[in-house]
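Contents: one structure, followed by commentary.
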Amino acid sequence: MASTEYSKELHIALLAVQRATLLTKSVFHSHAKGTLDKADASPVTIGDFGAQALIISALQHNFPDDEIVAEEEAKDLRENSKVRQTVWDLVQNSKLSDDAAEKELGGAIASVDSMLDIIDKGDSKGGSKGRIWAIDPIDGTKGFLRGGQYAVCLGLMVDGDVKVGVLGCPNLPVDDSQPLTEDIGADATDAEGKGVLFSAVQGKGAASRPLGKGSLANESTIGMKPISNISDATFCESVEAGHSSQSDSVAIANKLGITKPSVRMDSQAKYASIARGAGDLYLRLPVRKDYVEKIWDHAAGDLIVREAGGQVTDTEGKRLDFSHGRTLKENKGVIAAPKDVHQHVIEAVMSVLGSK
Ligand SMILES: Nc1ncnc2c1ncn2[C@@H]1O[C@H](COP(=O)(O)O)[C@@H](O)[C@H]1OP(=O)(O)O
Ligand SMILES: [Mg+2]
Ligand SMILES: [Mg+2]
Ligand SMILES: [Mg+2]
């Protein structure tokens, strides 16, 4: 592989996300997802813990000096031996079939105790300096449990700027031109190879490729769909009404003359879907004043959309700012759209939210 800036980071990120996504698929297709409730009442599963362990282990092997901000912590596993053992079995069984790739990721984790320590290495405070990886091992855990869309997310920030982003979307179609649907469809998912990996490197565009289960192959460049008439656009929004205001979205659609129903899906699969031109606009409209978005929920998607020809800001038109620690505390909501219509969308958003 030719060495250009961030090519090693991209390569390792793709393999690490591929391996972790395959782990989550095996859980998605099994009956027992080992769900626990976290302190904030949101769910976490054995898939989330296992995927986080595998990704951090690969990053530590390749980039031992980098910091890591990851969603989960090992506390619940330290206290619950049954779930701990289930996660450990899962992690031990999750190897890439390509031996060379598995070796590049550092191979297996040595012991159950080191697995717990590895999970807890995602506790960096984040910030505006240095190399920091952001991991969401399963984004859209509620979608994962519901049988819907979810994503395995990894981004590298350098001095607060996202340089590399990878999303593993196991329940999206491989074909970039397939129309956007809410329902994942019985033949769209399997326990192994189906699904997509999306990626971007700053300044180098965005791509998709089949998730597969062997060597990475068949990369294609992706781009957002040009919108000639905004009233023909399709919104891509959350399934969870508590994550994005559905009444504000109706008012914004009315302002823009949009009559098509929104396509609802969980997770950063929304960013990936508009980046590949399957949907047009991603709206995330704050519901609760006290909820602060997390960097791992947006880092990879933000870069992938911008590298595919889009603009991503908050509802006030400010770029997402990843330099303030583990959260996007300087931003409210997310509006992602093709560059040339983004300002028009923001004006509609601001007039609806401003008049409340
Ligand atoms: N109250 C909330 N408002 C907005 N997002 C939330 C809220 N609670 C959890 N999330 C996060 O929203 C994301 C998925 O939501 P959506 O499908 O709406 O995009 C997830 O990252 C989820 O975390 P998690 O990674 O734990 O699933
Ligand atoms: Mg969560
Ligand atoms: Mg998330
Ligand atoms: Mg998550």
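Each ligand, and each atom within it, is numbered from 1 in the order the structure gives.
Residues N229 and S231 have side chains that bring a donor and an acceptor to within less than 3.5 angstrom of each other.
For D139, the N, O or S atom with the smallest separation from the Mg ion (ligand 3) is OD1. Looking at E71, its N, O or S atom nearest to the Mg ion (ligand 4) turns out to be OE1.
Ring geometry for Y150 versus F144: interplanar angle over 60°, hence perpendicular rather than tilted (30 to 60°).
Backbone or side-chain N, O or S atoms of V44 do not reach the Mg ion (ligand 4) at under 2.8 Å.
Paired with R131 under the rule salt bridge (Lys or Arg N to Asp or Glu O under 4.0 Å), one option of D66, D65, D159 passes, and it is D66.
To the nearest 10 degrees, the angle centred on the Mg ion (ligand 3) between OD1 in D297 and OD2 in D136 reads 90°.
Salt bridge status for K121 with D123: absent, with no side-chain N to carboxylate O gap under 4.0 Å.
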